[in-house]
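What follows is a single structure, written as structure tokens, with notes after it.
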Amino acid sequence: MRKMLILVAMSAAMLTASAGAKAQVDLSTYADADGFLDIQALTCARLAGTWQDQADLLSPRYRGWYNGLAKRHYMDIRKGREAEHELIVYCKANPQLRIIQAIDVVFKSMRERAGIKLQ
């Protein structure tokens with residue numbers, strides 16, 4: 001469990017570092033005039049280019065959104081961390097994708113490995 005936490009933390013740091021020489025920016029940079037952030041439009045590259053503490057705010061939001069869509073009112077912490085790690089790796093390799101597109105790919109892959117078929 002401890003190794004998994006360290007791996008997730010390292011992966012999150014690598015995603016942030018993958019922004020290259022560009023300066024980190026506040027998520028508010030991508031907000032509209034009223035201060036709202038369209039999380040459906042946010043790309044992997046933009047997430048990688050923001051401060052880590054601000055990027056960390058989005059993970060629970062996306063998890064809650066997808067659990068709500070599935071009408072699930074519980075959370076598997078282990079699978080959540082595994083999905084977060086896979087998302088970071090996938091986003092790093094595909095910075096042009098929107099985060100929600102990357103989440104769909106990662107979740108589909110995890111379901112296939114687990115033998116879960118959607119109706």
Side-chain angles (χ1 to χ4, degrees):
M1 181 68 140
R2 182 182 168 124
K3 288 181 185 179
M4 177 70 130
L5 288 174
I6 292 170
L7 184 61
V8 169
M10 287 173 46
S11 296
M14 286 189 320
L15 178 63
T16 300
S18 73
K22 292 193 253 177
Q24 301 305 107
V25 297
D26 288 334
L27 275 177
S28 62
T29 303
Y30 309 118
D32 66 15
D34 295 320
F36 291 99
L37 181 66
D38 182 354
I39 63 170
Q40 286 186 314
L42 196 61
T43 64
C44 289
R46 285 186 170 178
L47 182 64
T50 194
W51 299 103
Q52 185 62 50
D53 64 330
Q54 292 182 13
D56 290 344
L57 293 173
L58 293 174
S59 182
R61 173 67 176 108
Y62 285 114
R63 270 193 227 151
W65 180 3
Y66 277 85
N67 277 335
L69 290 174
K71 297 185 179 168
R72 291 193 178 130
H73 305 287
Y74 56 88
M75 181 175 106
D76 183 330
I77 295 171
R78 182 188 53 79
K79 284 183 185 172
R81 288 188 180 133
E82 178 184 342
E84 186 173 358
H85 169 72
E86 287 190 33
L87 178 63
I88 290 167
V89 171
Y90 191 80
C91 269
K92 187 174 178 183
N94 300 279
Q96 76 286 358
L97 288 182
R98 291 180 297 144
I99 295 169
I100 59 170
Q101 291 172 306
I103 289 171
D104 285 339
V105 171
V106 167
F107 282 6
K108 181 179 179 184
S109 173
M110 291 179 76
R111 284 191 301 266
E112 285 174 0
R113 286 194 312 265
I116 299 170
K117 295 184 184 195
L118 296 179
Q119 299 176 349

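Residue pairs meeting the side-chain hydrogen bond (donor to acceptor under 3.5 Å, both in side chains) criterion with at least one partner in residues 26-41, sequence neighbours excluded, are D26-W51, D26-Q54.
Note that CD1 of I103 is 12.0 Å distant from OH of Y90, once rounded to the nearest 0.5 Å. In this structure, the separation between CZ on F107 and CG on L87 is 8.0 Å, given to the nearest 0.5 Å. For the atom pair L37 CG and R46 CZ, the distance stands at 9.0 Å (nearest 0.5 Å).
Between C44 and I99, the closest heavy-atom pair is N-CG1, 3.9 Å. Of all non-hydrogen atoms in L27 and T50, the two that sit nearest each other are N-OG1, 3.4 Å. The two atoms that bring A83 and V106 nearest to each other are O-CG1, 4.0 Å, heavy atoms only.
V25 is connected to L47 through a chain of hydrophobic side-chain contacts under 4.5 Å among Ile, Leu, Val, Met, Phe, Trp and Tyr, so both are in one cluster. Cluster membership check: W65 shares its hydrophobic cluster with L42, using side-chain heavy-atom separations under 4.5 Å among Ile, Leu, Val, Met, Phe, Trp and Tyr.
In this structure, the side chains of I39 and L58 come closer than 4.5 Å at one or more pairs of heavy atoms.
Partners of K79 by side chain to side chain contact (heavy atoms under 4.5 Å, CB included), not counting sequence neighbours, listed by chain and number: D76. With sequence neighbours excluded, the residues that form a side chain to side chain contact (heavy atoms under 4.5 Å, CB included) with Q101 are L97, R98. The side chain to side chain contact (heavy atoms under 4.5 Å, CB included) test applied to R113 returns E82, E86, S109, M110, not counting sequence neighbours. Legend: residues meeting side chain to side chain contact (heavy atoms under 4.5 Å, CB included) with Q96, ordered by chain and number and at least two apart, are N94. Partners of R63 under the salt bridge (Lys or Arg N to Asp or Glu O under 4.0 Å) rule, at least two apart in sequence or in another chain, are E84.
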